[in-house]
Amino acid sequence: MIPDKPPQDNVFHGSEELKKEAHVPSFDKYRELYMKSVDNPDEFWGDVAKDFFWKTKHTGQFLDYNFDVTKGEIYIKCMEGASTNICYNLLDRNVHEKKLADKVAFFWEGNDPGDELTVTYRELLQRVCQFANVLKAQGVKKGDRVSIYMPMVVELVVAMLACVRIGAVHSIVFAGFSAESLCERIVDSQCCLLITADGFYRGDKLINLKLLADEALQKCRDKGFPVGRCIMLKHLSKEPEGIVGSQSPPAKRPCPDLQQEKQAGRVKKTRPVPKVPWNPEVDLCWDALLRGVSDECEPEWCDSEDPLFILYTSGSTGKPKGVLHTVSGYMLYTATTFKVVFDHQPDDVYWCTADIGWITGHSYITYGPLANGATSVLFEGLPTHPDVSRMWEIVDKYNVTKFYTAPTAIRLLMKFGNEPVQRYKRSSLKVLGTVGEPINPEAWQWYYNVVGEKRCPIVDTFWQTETGGHVLTPLPAATPMKPGSATLPFFGVVPAILNESGEELEGPSEGYLVFKQPWPGVMRTVYGSHERFESTYFKKFPGYYVTGDGCRRDKDGYFWVTGRIDDMLNVSGHLLSTAEVESALVEHEAVAEAAVVGRPHPVKGESLYCFVTLNDGVMYNSELEAELKKQVREKIGAIATPDYIQNAPGLPKTRSGKIMRRLLRKIACDERELGDISTLADSTVVEQLFQNRCCTAV
Ligand code: PRX
């Protein structure tokens, strides 16, 4: 299962100093705990659960499940019979029981240096309770879905935990997604309310979020799903004139003059303020709603398997899947992975650069760190704004000890050389982490040698929106590291590698990465479609959870995730489905057919290479190209913007009409070794496409 002994050759080790204080100080200890977690999960997780507050205790076994579609419905239940509230465990327990009231929960660092805010656990609890009361006053009840579309501000955490406090289910939509994507997600999860902000800056670019939110709500109305209320936080605008439009806010729902509001620390720089349309029928102002509202709110006690949140991830059919996580298992799993993988210590300052709109931000900015009473940096900005030293400046400013980012960010910064890093000391750093895609050894070495100065182990954490938390990962003081390998399973996780016929491969091998049994944090269903949950993850190989990733195991038993083996692309650590981009392209009136493949990219990992076949009589030109790019941005969001678009009068198809994507990938990369093309209906198409390849990104 896992090796008896740690590998000796070509490995990197955590520092002796780290081993002294670590929760898991050696490979032997990791092995012992791992064996306990799989042989006796009840006892292992039961010990973890002791540190949390339970209104009622669980009865029966810790995990109950069926992973085999041939034996009936797939289900995973953890701690049945127990009831708790995660918000209570994250905040009240830390404030009252752990005496952390005055400890900083978040150092908020805005887009522009100098914009900052500090929030303690006590303040966070008060603000969450107050906003929870606001939601209740708006009629939000346990089980209702609330959509959140906000920038990286403290109020985003407040909004999500306020939902959790009253048992409502949050569905956060990354603020980089388009109005169309937001609408699709609101309708799919039938949200009763939207929480957003006026706007925000990404570097020097203004994102007029409220405009996008309004557009999304209009689209929802057009689809026959009117959302009654939209709460807007004034993040940028300080003056009441910031809110303009056909109608100003009516007296009964005033938007306050924020000069009178406590504005400590909000965006100070004078930047242009967005003009915000205001619809008095729907819009409500965050600050106005809070006036005079109590900051005490009794938590709603939830059953272990009550829904906690929905988070959408790309699906290979093109329609995003609403991944559903539930209360107790997710809480225990994110808390434990955070504590052990980052080796959390009480005086740490932890910084995860992800956006809360993705699972990394859910699990490792909000839930895991707060469950451990950690102090985190919450960063609104970009690694390159105002310059490419920003990350390291922030590390020194807050004395960050544990730092977690994505390979794409490392590759981006690596391009600028060592000097911007070395301008800052970074002596506080102890552990570095990566997530989102395989890290290439060159980027790993740079991260290790230059950023961490050979002192800090790198935890290359493999996981997914669906897994809730890390599933393959080194532990910083226990697992020898190999650059590019996510190494070994976390506690409770039993990986296997299968061949095409579904047979488990032993020893060094390569194939499908699957998991044989659940761990507490694994997703429970696809919201609104349990059938889709079963068919996506459990049908291909009955008895296993199928990740969709390919994987190699080396002679030491280490896992090397090689990337997606379905129709998904990983662009800058974000999963996109080719079908989703294709359907955005064919919605354009000029396009008859589209096929999208990934092309390796030095910073983003993969870039989008799109082949489009135009309708008869339509001419391909640069204006059309720009329109197509815009079309995809508007349908999905900026992350899906095509890098290359090629006019393809014909696509390589088999005689049965199936597009041979394998060949398109070769064309995109200009690789002439085509393999067997005997099943092609018309092989001349391939040569034509090679001749018209795009060499430069659009
Ligand atoms: O392909 C794997 C890749 O990201 C996918 C999951 O994407 P998402 O659900 O958006 O969650 C990303 C953040 C957890 C996986 O199926 N992936 C993630 N981490 C790694 C990785 N591939 C290799 N190594 C990793 N450390």
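Note: hydrogens, waters and symmetry copies are ignored here, and every other heavy atom, side chains too, is used. All residue numbers refer to positions in the sequence shown, counting from 1. In listed order, ligands and their atoms are each counted from 1.
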(message) Would K77 and Y75 count as a cation-pi pair here, with the cationic atom under 6.0 angstrom from the ring centre and within 45° of the axis?
(response) yes
(message) Taking E500 first and then K540, would you say they form a salt bridge - that is, a charged N and a carboxylate O separated by under 4.0 Å?
(response) yes
(message) Can a side-chain donor-acceptor contact be found between Y330 and S363 if the only test is distance below 3.5 angstrom?
(response) yes
(request) Consider only side-chain N and O atoms of Y312 and S181, and report whether a donor and an acceptor are under 3.5 Å apart. (result) no
(message) So, using side-chain hydrogen bond (donor to acceptor under 3.5 Å, both in side chains) as the criterion, who are the partners of D556 when residues are at least two apart?
(response) K482
What are the atom names and distances for all N or O pairs under 3.5 Å between ligand 1 and the protein?
unit_1: ligand 1; atom_1: 1 (O); unit_2: D549; atom_2: OD1; d: 2.6
unit_1: ligand 1; atom_1: 1 (O); unit_2: D549; atom_2: OD2; d: 3.4
unit_1: ligand 1; atom_1: 4 (O); unit_2: G436; atom_2: O; d: 3.2
unit_1: ligand 1; atom_1: 9 (O); unit_2: T465; atom_2: N; d: 2.8
unit_1: ligand 1; atom_1: 9 (O); unit_2: T465; atom_2: OG1; d: 2.6
unit_1: ligand 1; atom_1: 16 (O); unit_2: Q464; atom_2: NE2; d: 2.9
unit_1: ligand 1; atom_1: 16 (O); unit_2: D549; atom_2: OD2; d: 2.4
unit_1: ligand 1; atom_1: 16 (O); unit_2: R564; atom_2: NH1; d: 2.7
unit_1: ligand 1; atom_1: 17 (N); unit_2: G436; atom_2: O; d: 3.3
unit_1: ligand 1; atom_1: 19 (N); unit_2: G436; atom_2: N; d: 3.1
unit_1: ligand 1; atom_1: 22 (N); unit_2: P438; atom_2: N; d: 3.4
unit_1: ligand 1; atom_1: 24 (N); unit_2: E437; atom_2: O; d: 3.4
unit_1: ligand 1; atom_1: 26 (N); unit_2: D460; atom_2: OD1; d: 2.8
unit_1: ligand 1; atom_1: 26 (N); unit_2: T461; atom_2: O; d: 2.8

(request) Ignoring hydrogens and angles, state whether a donor on the side chain of E305 or T326 is under 3.5 Å from an acceptor on the partner side chain. (result) yes
